[in-house]
Visitor: 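Take a look at the following structure, please.
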2 protein chains.
Amino acid sequence: MTDKKIRNMEDFAAVSGISRPTVSKYFNDPQSVRKSTRARIEEALEKYDYRPNIYAINQNRRQTKNIGLVVPNLADPFFAGIARAIEGLIVEAGFSPLLLSSHGGPDQEIANLESLKAIKPAGVLLAPLGRASHVDQVEKFTKEIPTVLFDANLDDVGEAFFGCDNSQTIDLIVDYLCRSGEPPVLFEMENPVNPNAFRKRSAYVDAMKRLSHEPHFIRVQGEGWDFEEIGYREGKRVIQQNLLPTRTVLCSNDRLAIGFLAAAYECGEKVGIGPDCTMRVAGHDDHPFARYTCPGLTTISQDYASITARSVETILRIIESGERPKSREASYFEGRLVMRGSA
Amino acid sequence: MTDKKIRNMEDFAAVSGISRPTVSKYFNDPQSVRKSTRARIEEALEKYDYRPNIYAINQNRRQTKNIGLVVPNLADPFFAGIARAIEGLIVEAGFSPLLLSSHGGPDQEIANLESLKAIKPAGVLLAPLGRASHVDQVEKFTKEIPTVLFDANLDDVGEAFFGCDNSQTIDLIVDYLCRSGEPPVLFEMENPVNPNAFRKRSAYVDAMKRLSHEPHFIRVQGEGWDFEEIGYREGKRVIQQNLLPTRTVLCSNDRLAIGFLAAAYECGEKVGIGPDCTMRVAGHDDHPFARYTCPGLTTISQDYASITARSVETILRIIESGERPKSREASYFEGRLVMRGSA
DNA sequence: GACAAAACTTTACGCGCGTTAACTTTTTAA
DNA sequence: TTAAAAAGTTAACGCGCGTAAAGTTTTGTC
């Protein structure tokens, strides 16, 4: 590495022996220059430490290479995992991801979208808070900047949606629970912040009816995204007060289930499928920690490889074509049953 | 909102009736212009949707207002929580945080630092991987860009370090465990990726000796950052093969403990402090999920409010003064004991 | 009311790169 | 071998803003 100072592309072009416009062309697409030219530039790149100034580039390009990525809550390992997967795909495609977390709050979600505007992203991938979202403001944003939704749908907002087929997954687990024992009661939040919760609710009703069972609900109070705490507190209450109509509990999501399992443990219930067990518990989402609950949590694993892949593909296609799709696509991917000890 | 198009500061200056240099001054510091001028600009800001182009700003300013934030692994809720806290403090100070996760890999860590360079941050807050880090490359980076380390120290790298006083915290929990029952064995990784693990090890030895007990170790094999899995797999092995020298287990961190607890549960051990319990387990770090293990995990809570606050303060001071501190500060904050059911 | 200080205006340059136009050299294919 | 096509060169402008210099207006103080 020679230590002659390269201040800008002009300097670098000089030391590489190639004109600046050609060097500029190279950085925008290395394949667009002749092989011999490419070789000379790359030789210089090894000798001198030069990278084009990202601010100057973005000021002059019609479009940046930035893609915004907004998730509801990074403190939830489920979303942290998804975010990581998506970031990888974005980088692979030659774009720069910018990850923001809404921390469970609709105001933060809007603030995230606003601050994304400042970097003029070519597109945005948004997992909205859902019911809690300021839908009008989100919609307004999606009209300015191409946006693909995932995980939670907002009716008719954004260019496309990819998520989990909740009716299929709930069907799957309700079916399993009914075949292997007592039909489940649905443990859910009275006022869920997530719209998927509603889909799950009606999917549960449908599945139970199809199997000729009466649907039962335990609807618990609780605000915000502290699901484990709510599952624990309310789980303890319903167990202690003996409010469960059946001894098989299907929690609306794994985080509620994790809290519920902690409550069951404290109450001396033995959760599982053995002959000495007093209760079965199942979840939904296959949270990274679901393997390490006591016992391991039987749950539904979303096909989030497909969800992330299709979301990224779609936003890239929109960016590269330069035009919004005529019709909004919404795809729901099937999940699969993950059997562990709890049910 | 009038819909006349404001393309740049020139346009905005025109509609606000103030000259462009003064408008520019306003955006760099609203207090630097006369109150009446400020009022006129802000009036125009309400009528027209204008924000200075961030790329043009950063191209021309000597320093950006960006602060990089790199954590070892965002999928770990412990770091996700810290990241959120730090982001808040950075925004409060009028800077823009840029959050990157090293996903547990040293190559990714370096890649993160490299991509941070592209945005020319005024400073960086780095929680390094630790032992796994490519220390030389990290050090080289810190010489180019002011960097404050936190959580895990690298000898003499960066302008300052803030972290947990492991000798105090280990002392605290060893003392508690010895007072309330059998002295603990330390359950740790043979080749820990985190340097704090070594500090904890020697702190454990010191504490045990001080209390006139023989230190015991269970050192388990395992690669990478999948601590729960390692704790589970190796926990199961040592319990089944009866390799524990005592029935009180101090895990080097909560994530190992979470896996260990799952193993203990599966092996039919009753963990806790009751008369019918067969084993006690403690952790370190107060992981967000430590409340919901079965039973709840007794552990050490790091004072990460202080750690984050001091880290941010320090990098801000360096940025604002424009000069590196003459000597490197390293501060270790005391943690506190969090008692739950497991020990 | 006078005068200095503070704040503003006008004018102009520079940041580093994208991009175009007009021209020249190299490569490809008949 | 030769002409067309491809790729390169030089020259020049523009992006939106920071910032400096020189001049003008407003403000505050006695």
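Proteins come first, then strands; the chains are lettered A, B, ... in the order of their sequence lines, and each starts at number 1.
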Visitor: Is there a donor in the side chain of A/S311 and an acceptor in the side chain of A/T308, or the other way round, less than 3.5 Å apart?
Guide: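 There is no such pair (donor and acceptor under 3.5 Å, judged by atom type) between the side chains of A/S311 and A/T308.
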Visitor: Kindly state whether the ring of B/F161 and the ring of B/Y332 have centres lying under 6.0 angstrom apart.
Guide: yes
Visitor: Could you check whether A/E109 and A/S133, counting side-chain N and O atoms only, form a donor-acceptor pair closer than 3.5 Å?
Guide: yes
Visitor: What is the distance, rounded to the nearest whole Å, between atom CZ of A/R34 and atom C1' of C/dT28?
Guide: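 Rounded to whole Å, this separation is 11 Å.
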Visitor: Counting heavy atoms not belonging to B/D29, are there more than 12 under 6.0 Å from its CG?
Guide: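 Enclosed.
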Visitor: Cut-off 3.5 Å, side chains only: do B/T314 and B/E329 have a donor facing an acceptor?
Guide: no
Visitor: Rounding to a whole Å, what distance do you find between B/Y55:OH and C/dG18:P?
Guide: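 In whole Å, C/dG18 P and B/Y55 OH are 14 Å from each other.
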Visitor: How about A/F27 and A/Y50: are their ring centroids closer than 6.0 Å?
Guide: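 Aromatic pair counts; centres sit under 6.0 Å.
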Visitor: On DNA chain D, which is the earliest and which the latest nucleotide, 5' to 3', with an atom closer than 4.0 Å to a heavy atom of chain A?
Guide: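 It runs D/dA7 to D/dG16.
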Visitor: Starting from P on C/dA7, measure out to OH on B/Y26 and report it in whole angstrom.
Guide: 16 Å
Visitor: Base, sugar-phosphate, or nothing: which does A/R20 touch, judged by heavy atoms less than 4.0 Å apart?
Guide: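 Contact class for A/R20: base.
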Visitor: Would you mind reading off the distance between A/I18 atom CD1 and C/dT26 atom C1', rounded to a whole angstrom?
Guide: 13 Å
Visitor: Using a heavy-atom cut-off of 4.0 Å across all strands, would you classify B/N28 as base, sugar-phosphate, or nothing?
Guide: sugar-phosphate
Visitor: Measure from CD on A/Q59 to C1' on C/dT19 and round the result to the nearest Å.
Guide: 14 Å
Visitor: Taking atom C1' of C/dT9 as reference, at what distance in whole Å does atom CD1 of B/I41 sit?
Guide: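 So the CD1-C1' distance, B/I41 to C/dT9, works out to 13 Å.
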Visitor: Expressed as a whole number of angstroms, how long is the span from B/K35:NZ to C/dC8:P?
Guide: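 After rounding, the reported distance stands at 13 Å.
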Visitor: Tell me: NZ of B/K25 to P of C/dA6, nearest whole Å?
Guide: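 It works out to 11 Å between those atoms.
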Visitor: By the 4.0 Å heavy-atom rule, please label A/F12 as base, sugar-phosphate, or nothing.
Guide: nothing
Visitor: Could you check A/S36 against A/P21 and say which one's nearest nucleotide on DNA chain C is further toward the 5' end?
Guide: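 On the 5' side of the pair lies A/P21.
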Visitor: Look at the side-chain N and O atoms of B/T22 and state whether any lies under 4.0 Å from the OP1 or OP2 oxygen of C/dC8.
Guide: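 Answer no for this pair, as no side-chain N or O of B/T22 is under 4.0 Å from OP1 or OP2.
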Visitor: Got a donor-acceptor contact below 3.5 angstrom from the B/R40 side chain to the B/G17 backbone?
Guide: yes
